[in-house]
Asks: 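Would you mind keeping the following structure in view while I ask a few things?
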Amino acid sequence: MKTNQDVYTTVEFDQWAGREELLPEERFLISKYLATGGSTLEAGTGGGRIILACAAMGFQRLSAFDFVPGFVEAARRRDTAKAVDFRVGDARRLEYADGAFDQIIYLQQILSLLESAEDRQQALREAARIVRPGGVALFSFLGYEARLRGRSSAMMLRYLRLLRAISGAKRSPQTLPWLNLGGKWNYGALLDRGPYVYWYRIPEVHEFLSSAGFEITAAGVGHEVARGRIHESCAALAGSGAAGTIYVACRRR
Ligand SMILES: C[S@@+](CC[C@H](N)C(=O)[O-])C[C@H]1O[C@@H](n2cnc3c(N)ncnc32)[C@H](O)[C@@H]1O
């Protein structure tokens with residue numbers, strides 16, 4: 001497998017095509033920050049789990065895209081009420097008009113799934129382009145601080161750092177191979193074989209989103225957001241010492 005698109009087309013396909021139900025942290029953010037009457041887009045929809053849950057919550061004018069055509073077919077099949085405009089699309093190059101949406105959902109760490117910094121910037125610029133000024137965006141990111149704290153993941157990070165120093169590979173320590181693929185340990189990770197995902201630090205999330213015109217209104221980590229605990233900024237979140245998947249609500253300036 002060369003790319004993350006290959007990963008989702010093969011070993012990760014089944015678990016995302018049929019998945020149902022919102023996580024508590026997703027339900028909290030969607031209920032608190034999004035309005036049921038606004039036009040809403042979900043990026044990287046997989047089998048449509050999140051956007052179909054929005055439909056069930058009474059949201060209208062729904063759209064979603066994914067770059068794996070099989071996911072889009074699966075999502076359309078599950079959408080028996082035809083509530084969602086599902087399309088094949090790549091987060092780096094979107095066909096939607098400027099300001100087409102009142103609110104956008106970039107959860108399940110879609111921006112962490114783009115390997116290069118240029119691609120992550122490009123996808124974020126596209127997100128900023130398609131949401132209207134004053135519109136709302138929900139993002140989540142793989143959290144590097146949490147990786148550093150887990151005993152086995154911290155050991156793996158040290159191992160990869162050493163391997164890269166020996167092999168001369170110029171790769172950020174935050175760019176990591178998949179440790180699990182399709183529910184199984186990925187032995188390719190021991191050889192530092194890609195594809196890779198990118199783990200964000202909390203202060204970096206602030207810089208990244210601000211650079212594209214997003215103003216952060218709330219930030220939290222998964223297990224806390226699930227209990228309704230959220231901070232007013234990335235700085236406050238970083239200062240709290242919490243670690244986990246990073247969730248952010250933003251307003252487009
Ligand atoms: C972790 S899965 C989440 C699926 C779905 N959002 C959910 O929560 O059930 C990530 C999804 O993002 C999609 N994806 C990753 N990179 C993408 C890109 N550049 N453009 C469009 N979709 C992408 C994958 O195909 C996959 O469906």
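Note that ligands are numbered from 1 as they come in the structure, with each ligand's atoms numbered from 1 the same way.
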Asks: Going by the atom numbers of ligand 1, which of them fall below 4.0 Å from some non-hydrogen atom of Val68?
Replies: 25 (O)
Asks: If only side-chain N and O atoms count, and only distance matters, is there a donor-acceptor pair under 3.5 Å linking Asp102 with Ser39?
Replies: yes
Asks: Pro24 and Ala226: which non-hydrogen atoms are nearest, and at how many Å?
Replies: CB-CB, 3.9 Å
Asks: Out of Arg49, Glu26, Glu126, indicate the one that has the non-hydrogen atom closest to atom 9 (O) of ligand 1.
Replies: Arg49
Asks: Check each atom of ligand 1 against the heavy atoms of Leu113 and keep those under 4.0 Å away; list them by number with element.
Replies: 10 (C), 15 (C)
Asks: Only heavy atoms of Ile50, strictly under 4.0 Å: list the atoms of ligand 1 that pass.
Replies: 8 (O)
Asks: When you check the side-chain N and O atoms of Tyr198 and Glu204, is any donor under 3.5 Å from an acceptor?
Replies: yes
Asks: Among all protein heavy atoms, pick the one closest to atom 19 (N) of ligand 1 and tell me residue, atom and distance.
Replies: Asp90 OD1, 3.2 Å
Asks: Under 4.0 Å from any heavy atom of Leu114, which atoms of ligand 1 are there?
Replies: 19 (N)
Asks: Can you tell me the protein heavy atom closest to atom 13 (C) of ligand 1 and the distance?
Replies: Asp66 OD2, 3.3 Å
Asks: Taking the six-membered ring for Trp, are Phe65 and Tyr96 parallel (under 30°), tilted (30 to 60°) or perpendicular (over 60°)?
Replies: tilted
Asks: Under the 3.5 angstrom rule, does the side chain of Gln122 hit a backbone N or O of Arg93 as a donor-acceptor pair?
Replies: no
Asks: Are Phe13 and Phe71 near enough that their ring centres are under 6.0 Å apart?
Replies: yes
Asks: Heavy atom of Glu42 under 4.0 Å from ligand 1?
Replies: yes
Asks: Less than 4.0 Å is my threshold; does some heavy atom of Gly89 fall inside it relative to ligand 1?
Replies: yes
Asks: In terms of the angle between their ring planes, are Tyr106 and Phe139 parallel, tilted or perpendicular, with boundaries placed at 30° and 60°?
Replies: tilted
Asks: Cluster question for you: counting only ILVMFWY and a side-chain heavy-atom cut-off of under 4.5 Å, with indirect links fine, are Leu34 and Leu23 together?
Replies: yes
Asks: Within ligand 1, which atoms have a heavy atom of Ala91 less than 4.0 Å away?
Replies: 18 (C), 19 (N), 20 (N), 21 (C)
Asks: Suppose we measure from atom 4 (C) of ligand 1 to each protein heavy atom; which comes out shortest, and what is that distance?
Replies: Gly44 O, 3.4 Å
Asks: Would you check whether Asn4 reaches within less than 4.0 Å of ligand 1, judged by its heavy atoms?
Replies: no
Asks: What protein heavy atom is closest to atom 16 (N) of ligand 1, reported as residue, atom name and distance in Å?
Replies: Phe67 CZ, 3.3 Å
Asks: Under a plain distance cut-off of 3.5 Å, with no hydrogens placed, do Asp6 and Thr3 share a side-chain donor-acceptor pair?
Replies: yes
